[in-house]
Undergrad: 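Could you have a look at this structure, given as structure tokens, before my questions?
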Amino acid sequence: MSTETPARSADALRKDDDTSAPAKGAGAVGAVASWVDERTGTAKGFRYLMRKVFPDHWSFMLGEIAMYSLVILLLTGTFLTFWFVPSAGHTVYDGSYEPLKGIAMSEAYASTVDISFDVRGGLIIRQIHHWAALLFIVAIMLHMFRVFFTGAFRKPREINWIIGLTLLMLALVEGFAGYSLPDDLLSGTGLRAAEGFMLSIPVLGSYISYMVFGGGFPGEAIIPRLFTVHVLLLPAIIVGLFTAHIILVMVHKHTQYPGPGRTEKNVVGFPMMPVYIAKAGGFFFIVFGITALIAGLVTINPIWAYGPYEPTQVTAGSQPDWYMGFADGALRLLPGFLEFDLLGRTWSFNIFLGAIALIPVLFTIAGAYPFLEAWITGDKREHHILDRPRNAPTRTALGMAAISFYAVLFFAAGNDIMAIKLHLSINDITNILRLSAVILPPLVFWVTKRICLSLQRRDRDLVLHGRETGRIVRTADGRFFEAHEPLDAHTRWRLVAFESNRPLELPEGSDSNGVRRMGAAKQRLRTRLSGFWFNDRIEAVTPAELAAAHHRGEYEALEAAAVEDSHPQEFGGHLHGGAEEIGTSHAYGHLEEEKSDR
Amino acid sequence: MSFLAARRRHPAAIVLVLLLGLVVTGGLYTALAPKDAKAATATADDVKAGKDLFLANCASCHGTNANGTAAGPSLVGVGAAAVDFQVGTGRMPLTQPGVQAQRNKVTMDATETKQLAAYVASLGPGPAVPATEYTNGNGNIAKGGELFRVNCAMCHNFAGSGGALTRGKFAPSLRNIEGKHIYEAMLTGPQSMPVFNDTNLSPQDKNDVIAYLHNVDNEANAGGHNLGNLGPVSEGMFAWTIGIGLLIGAAVWLGRKAA
Ligand code: HEM
């Protein structure tokens, strides 16, 4: 699977390992580089970075889309701060947008209308900023799904999973803070809703609300406070965590999909310099270009049409941006009887559960998953080769079930829009979605798991019997059979290179003296979970099975060597390929550098 | 003066004072209250022709004397404005019963509508068809926008794109509606809509609202395609389909390109 030309072999990559000072006249760049290096000693780190190898797959670029969107957000956001006035102070509009002339509004709103109509290029920058925010979080979530379904969260990447989740949560809050700033009718309504959410917190609610708003709603404090949070606090934390995230990717090295030559101890792909840098740089401009194109053609958040916020006004179809939709949807689905009076107080669990409790609960479950799975499998090894989703049926099914639950909540947030666009009753839609929230996840779990198992069976079939050619062959004695074409070794590798966990056996409940063992209950739980995860499983084809299949005469032509080569377990758990092996199995034990194959 | 002073504790005094107060406020009110924005009046012939039309098209539901049946409400006192709105927007005659009468193909021409309106108006006093000076949309757009957001947007959405009500009912889209019909809807409160009478929104206010809605119809989209002016839901749909679709497409394309 070498993707490099011989001219760019590992030797060529090493040529700048040369530690002697560059000769005079080595070029301006070299001179500057060594000048900097002599004073900072950064050349070594730089070389380390430049020689990182990245595997190529489109799904690995989802994280990059998020990264570039973040950069776009930082750039355009900075532009917006030059004109935005984070103040709730009163003013009367006198700009060039006729339909608002003479209307009383806050300075924050007036300045946003000015950015849209009176600052040159202001509107397109506003729209790029907002579209980038939506796409940023879409990309983060898809990136997270990729990491989940391929098992990239397994040891040693659990920390990065947690950092990633934190980034996602911060991005949600950052987005909310952002669209609350312009003080238009929609954002004010969102803040009003947020105040209601805080008030639903038992006992503490009113104190928290007064603290956040600096008194009663809306007050004058919230906009400047949100501004600080949105342009300083959260971006700083996000950029910091993101840096840690990327450094960890460098340290762990990127994972790769299974394939010949790819092992748990190498990375097959392009070196950072020059190939990956060129590709990644190009991709940045593509992402920026597409975002700008969308922003130029499609309106987002037309605050001038919403009008300024007045607590007495509200518009039909008041929704948050999509990434907060699931919480809004949960509110719309929660039944009203969850609000009740007790001890002379009103307890609004119909709001509290959806608006306050939901997000931490979902994030805790997601954060716990890698550890739960590791505990159940008891797998302490490092994993740098990704799972194909079908080869981890229970995990894939659980992920799809979680996504279906999320999707139900998400669609519920648009129940009114669905009602008018589909000419249905909003009450029916809500009831159907309530039911779906309960029924759909188990159903999706079951269906996904069946699909995964069938796909695995099909893979086995392919490996054992080859591809159906549709060619009917008549034998000398007059029998007919369809000719099957054996898979080539490369294709076969992808289909057999996985391990399938077996369910744990329940250990003896008590030791030989009849004393109950410590932690027996825990062990039983673990065994039960392990059964749930792994009772239904399809094992990869072993070389012996393959040989047996061939022996039955299906395709003699295959050499035994290829057969042997195709099964990873033959080699003490290591995948074996054409790549050079490096270092020990410890992720931090081979920080020096890695090599592409060849 | 002593005549009045002597009798100020007379039992009838309080009644007199009250009466006086009522007459004064009533008189002031009629003097100051905004005038109805009436259009031309109808003739007796119109009423007669209207009655015939009514018997042929409407009586099956509204009753032969327009005082209502199980299939349709009484029309006594709904006024010419209600008929002009319901018939002029094709809602009446109702083609099939449903949760709510919807805008439809108009089946009556202008004269027939006028005659029907004259007949219904003759049954009892009710709001008249407004004069064009209050329905031409020459009002103040900014003021109309504010009035619209205070009174209408919670059901019809900020740009009059429409919104859902309970059990399949809905506030319809207000895009490209004749000024007269916007006015009449406010005046008569059709279906689930509340009435905004002239003390609530004066004829001039109503004309401002019309100006605002017409501006929404005609305004250039400053930011590009407006995705139906439905708010963040349509934006989210766009981001999840076309937006990320383009980006992933680019990623796949770039991934295919060998370095
Ligand atoms: C601000 C948001 C985020 C940005 C900008 C970001 C960016 C990236 C980038 C560029 C990579 C390397 C390329 C790739 O595999 O896609 C990466 C890897 C990774 N990310 Fe994220 N990410 C973010 C959020 C998340 C989230 C929400 C999670 C999961 C909860 C996550 C978990 C991971 C993991 C485990 C890896 C290593 C993947 C591997 O080596 O296969 N990240 N991230």
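Order of the sequence lines sets the chain letters (A, B, ...), proteins ahead of strands, with each chain counted from 1. Values in this document were obtained by computation on a predicted structure and should not be read as measured data.
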Undergrad: Which of the residues B:N229, B:L247, B:N151, B:L227 is involved in the greatest number of heavy-atom pairs with chain A at under 4.5 angstrom?
TA: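 The answer is B:L247.
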Undergrad: Going by an N to O cut-off under 4.0 Å, is there a salt bridge joining B:K143 and B:E146?
TA: no
Undergrad: Charged N to carboxylate O under 4.0 angstrom, B:K206 versus B:D198?
TA: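 Yes, charged N to carboxylate O under 4.0 Å.
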Undergrad: Ring centres of A:F326 and A:F410 under 6.0 Å apart?
TA: no
Undergrad: Looking at B:G223, B:A251, B:G224, B:G162, which has the largest count of heavy-atom pairs under 4.5 Å with chain A?
TA: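 Of B:G223, B:A251, B:G224, B:G162, B:G223 has the most heavy-atom pairs under 4.5 Å with chain A.
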Undergrad: Between B:Y183 and B:Y134, what is the ring plane arrangement, given parallel below 30°, perpendicular above 60°, and tilted in between?
TA: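 Tilted: the ring planes of B:Y183 and B:Y134 meet at 30° to 60°.
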Undergrad: Report the option among A:I420, A:T315, A:I294 that has the most heavy-atom pairs separated by less than 4.5 Å from atoms of chain B.
TA: A:T315
Undergrad: If you count heavy-atom pairs under 4.5 Å with chain A, which of B:Y212, B:F238, B:W253 comes out on top?
TA: B:F238
Undergrad: If the plane angle is over 60° it's perpendicular, under 30° parallel, otherwise tilted; pick one for A:Y257 and A:H57.
TA: tilted
Undergrad: Verify whether one side chain among B:T89 and B:R91 offers a donor that lies under 3.5 Å from an acceptor in the other.
TA: yes
Undergrad: Which of the residues B:I244, B:N221, B:N140, B:I141 is involved in the greatest number of heavy-atom pairs with chain A at under 4.5 angstrom?
TA: B:I244
Undergrad: What option among B:V99, B:N157, B:V216 has the most heavy-atom pairs under 4.5 Å with chain A?
TA: B:N157
Undergrad: Find the one option among A:L134, A:V314, A:I286 whose heavy-atom pairs under 4.5 Å with chain B are most numerous.
TA: A:V314
Undergrad: Between B:A222, B:C152, B:A159, B:S161, which has the largest tally of heavy atom pairs under 4.5 Å with chain A?
TA: B:A222
Undergrad: At a heavy-atom separation under 4.5 Å, does A:Y97 approach chain B through its side chain, its backbone, both, or neither?
TA: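 Contact with chain B: side chain only.
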Undergrad: Which region of A:Q319, side chain (C-beta onward) or backbone (N, CA, C, O), has a non-hydrogen atom less than 4.5 Å from a non-hydrogen atom of chain B, or is it both or neither?
TA: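 Both parts, heavy atoms under 4.5 Å.
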